[in-house]
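Letters A, B, ... are given to chains in the order of the sequence lines, protein chains preceding strands, and every chain is numbered from 1.
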Amino acid sequence: MNITLLTSEIAIICLSLLIIILDLLLPRFETRRSLGYLAAAGVAGVFAYTCTQYGVSATVYQGLFTLDSFALFFKQIFLLAILLTLLFSFDYVEGLAKYQGEFYALLLLAVAGMMIMASANDLLTVFIGTELMTVTFYILVGYQFNSSKSSEAGMKYMILGSVSSAVLLYGVSWVYGCTGSIVFEQIAKHANTSLGMLFGFGLIVAGLFFKMALIPFHMWAPEIYEGAPTPITAMLSMGSKVAGLAVLLRMVFIAFVPMQAYWGGIVSIIAAITMIGGTVIAMWQTNIKRMMAYSSITQAGYMIVGLLSADASGIKSVLFYAMLYMFANVGVFATIIAVKKHHGSNEIKDFSGLAQQSPLLAVVMTVSLLSMAGIPPMAGFAGKLYVFSTVIEKGYLWLGLLGFVMSMISVYYYLNVTKVIYMNEPCVQKEFIVSQPLRIAALISLLATLWIGIYPGPLAELANTAARSLSIL
Amino acid sequence: MDDLVYTIAFYILAAITIASAIGVVTKHNLVHSALLMALCFIGISGLYVLLQADFLAAVQILVYSGAVAILIVLGIMLTQRRSMENTNPNSGWPRGAAVVCALLFVVILIVIAATPWHYSSSMAAQDTPSVLARLLFTDYMVAFEAAAVLLLAAMMGAIVLAKGGEEK
């Protein structure tokens, strides 16, 4: 047993507990901003520590929790996502009426759940990690007590999320019944392609696809993205999705290897529906958070395309895409929060004149959106190139072409926002305030997106190492 | 003789469980549904006893019938209304739901019939609590501790959400 492998998870949970205690000790009407800074500093520390862990490949106990470069890569995505989210949401959290300290603490616990998911090597740990993440999100989605939309979103997310967890758990019970084990390596050893095994696998995958919001499991996403507090929308779109992806990758490539014959057909169809559906519906949205919900559905569609080429280069392309997707999301949501603070609503028309009011945020928003659309020289172009070139090599030419066409169509609604930002006059004449931490988060997102786009080598190398540590192919 | 008793007990318990589960869904009064759910949980714990999972059966009664069902009744009591009529309405789309459920049922039946099942030949564990405890604190330690964190998060969330609406 090697408890030191759990250091980063334990550190995040301790940080969360520390914040709860300090929240109790602080005077009641004192601002909780200091707790936010503490959380950000702590996460930055844990992130720095995880950088030293690359190259490790070890498990705690019977291989139920494993730490390898693959898990580390995902953990770093989550840590970066939460760090940048914390940076741009200090002002937002200060606007909450109550329980600001608990907001930070719960957010950290959700990240701990995601980190456990990335390392989980058996179905029980996967389930508990998923629940830790989603139960925390149920609470956080309904955190705006004065908004009925937020409460409604929290309620809906809880009911739909519980159903999807139940489906996942039912699938786990089938797989256990067929193989007699829930550890990934053992499942792989006993796996057969009997109907029961397929049924269980299908249920588990459906549960995970729900977390990733792929069509036809996406119906929760738009309303919940719209109703949730914006930092939570950002974490749902970055964390929940990417954590589901991490579990799916490890499960499919270690436990359910014999299932891959069935896998290709289903995933290619779901990816195609998701890319088409997400893109088409996103064009009609007038609310920026709803638009981002459909856009994130489409992005998840692009990501699972990489699963089709069942080899290290496919996994690498997915990892690469997940990282740059995270950076683009940070840029977009930081801008959304700043504009919301200025206008009090989340309509796309509120972005008019942003170029005059805050040139930096206008550039960040434009670059992030174009990165999602996959326009060179932004990072999204390199990501899509990797994903689609690997599947085309595997003979999914039609899917590659479809992805290309959908990316071109998606430029329309992304540029629509950009047009509003640059062409329209500002509708409210008052000073546009951008706080310093938000500016830093936006700048990091901007620089990272451009840097990865122009010089993708180092990140691709890192993703490659991570992918190779997973694949036993 | 033993086999016969076992089989009869199984069918009785299974009938109780299924009938009460159907009742939970179809009853229009929420209190009736809650009580039937407690009965359903007890039926399941009986099935656990037949499988020689004694500890699990006890936990099932304690946690599900004892805590979950009672909590629901308490919840009903605290959100009191004049009449309990129609507090648990059916779905607005009963035919569609019935078709989907029937299809799923048929699929599961086919899957069960077509899967070659392996029967374990090993004896049931005698002293289940100690075996479970050892597993929880060794192999499944991470999941166990994470479940503790999950409970903490849920507890904080329950307090925050329950107190959320009121003014300072």
**Student:** Counting heavy-atom pairs under 4.5 Å with chain B, which one of A:Ile13, A:Ile116, A:Leu140 comes out on top?
**Tutor:**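 With the most close heavy-atom pairs to chain B, the winner is A:Ile13.
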**Student:** Can you tell me how far apart OG1 (A:Thr125) and CE (B:Met141) are? Round to the nearest 0.5 Å.
**Tutor:**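 Nearest 0.5 Å value for the OG1-CE distance: 10.5 Å.
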**Student:** Which one wins on heavy-atom pair count under 4.5 Å against chain B: A:Val126, A:Leu106, A:Asn146?
**Tutor:**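 Ranked by contacts with chain B, first place is A:Leu106.
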**Student:** Examine whether an atom of A:Leu108 lies under 4.5 Å from a heavy atom of chain B, and if so say whether it belongs to the side chain, the backbone or both; otherwise answer neither.
**Tutor:**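 Neither part; nothing is under 4.5 Å.
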**Student:** Under 4.5 Å heavy-atom distance to chain A, tell me which part of B:Val149 shows up: side chain, backbone, both or neither.
**Tutor:**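 Contact with chain A: backbone and side chain both.
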**Student:** Please state whether the side chain, the backbone, both or neither of A:Ile20 comes within less than 4.5 Å of a heavy atom of chain B.
**Tutor:**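 Looking at A:Ile20, just its side chain touches chain B.
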**Student:** Counting only heavy atoms closer than 4.5 Å, note whether B:Tyr140 contacts chain A via side chain, backbone, both or neither.
**Tutor:**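 Both parts, backbone and side chain.
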**Student:** Measuring heavy-atom distances to chain B, does A:Phe127 have an atom under 4.5 Å in its side chain, in its backbone, in both, or in neither?
**Tutor:**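 The answer is neither part of A:Phe127.
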**Student:** Which of the residues B:Ile159, B:Leu151, B:Asp139, B:Thr115 is involved in the greatest number of heavy-atom pairs with chain A at under 4.5 angstrom?
**Tutor:**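 Top count of heavy-atom pairs under 4.5 Å with chain A: B:Asp139.
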**Student:** What's the shortest heavy-atom distance between B:Ala114 and A:Leu195, and which atoms?
**Tutor:**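 Reported closest heavy-atom pair: CB-CD1, 3.4 Å.
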**Student:** Taking atom NZ of B:Lys163 and atom OH of A:Tyr99, what is their separation to the nearest 0.5 Å?
**Tutor:**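 Output value for this atom pair is 4.0 Å.
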**Student:** So which heavy atom on A:Cys178 is nearest to which on B:Trp117, and how close?
**Tutor:**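 Smallest heavy-atom distance, with atoms named: SG-CZ3, 4.1 Å.
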**Student:** What distance do B:Glu145 atom CD and A:Ile128 atom CD1 have between them, rounded to the nearest 0.5 Å?
**Tutor:**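 It comes to 11.5 Å.
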**Student:** Looking at B:Ile112, B:Val142, B:Leu152, which has the largest count of heavy-atom pairs under 4.5 Å with chain A?
**Tutor:**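 Of the candidates given, the most pairs with chain A belong to B:Val142.
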**Student:** Mind checking the CD1-CH2 spacing from B:Ile108 to A:Trp174? Nearest 0.5 Å is all I need.
**Tutor:**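 Separation between the atoms: 6.5 Å.
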**Student:** Looking only at non-hydrogen atoms, find the nearest pair between B:Ala154 and A:Ile139 and report the distance.
**Tutor:**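 So the two residues come closest at CA-CD1, 4.4 Å.
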**Student:** Which atom names give the shortest non-hydrogen contact between A:Glu131 and B:Leu150, and what distance separates them?
**Tutor:**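 In this case the closest contact between A:Glu131 and B:Leu150 is O-CD1, 3.6 Å.
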**Student:** Please flag which part of A:Phe103 lies under 4.5 Å from any non-hydrogen atom of chain B: side chain, backbone, both or neither.
**Tutor:**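 Neither part, no heavy atoms under 4.5 Å.
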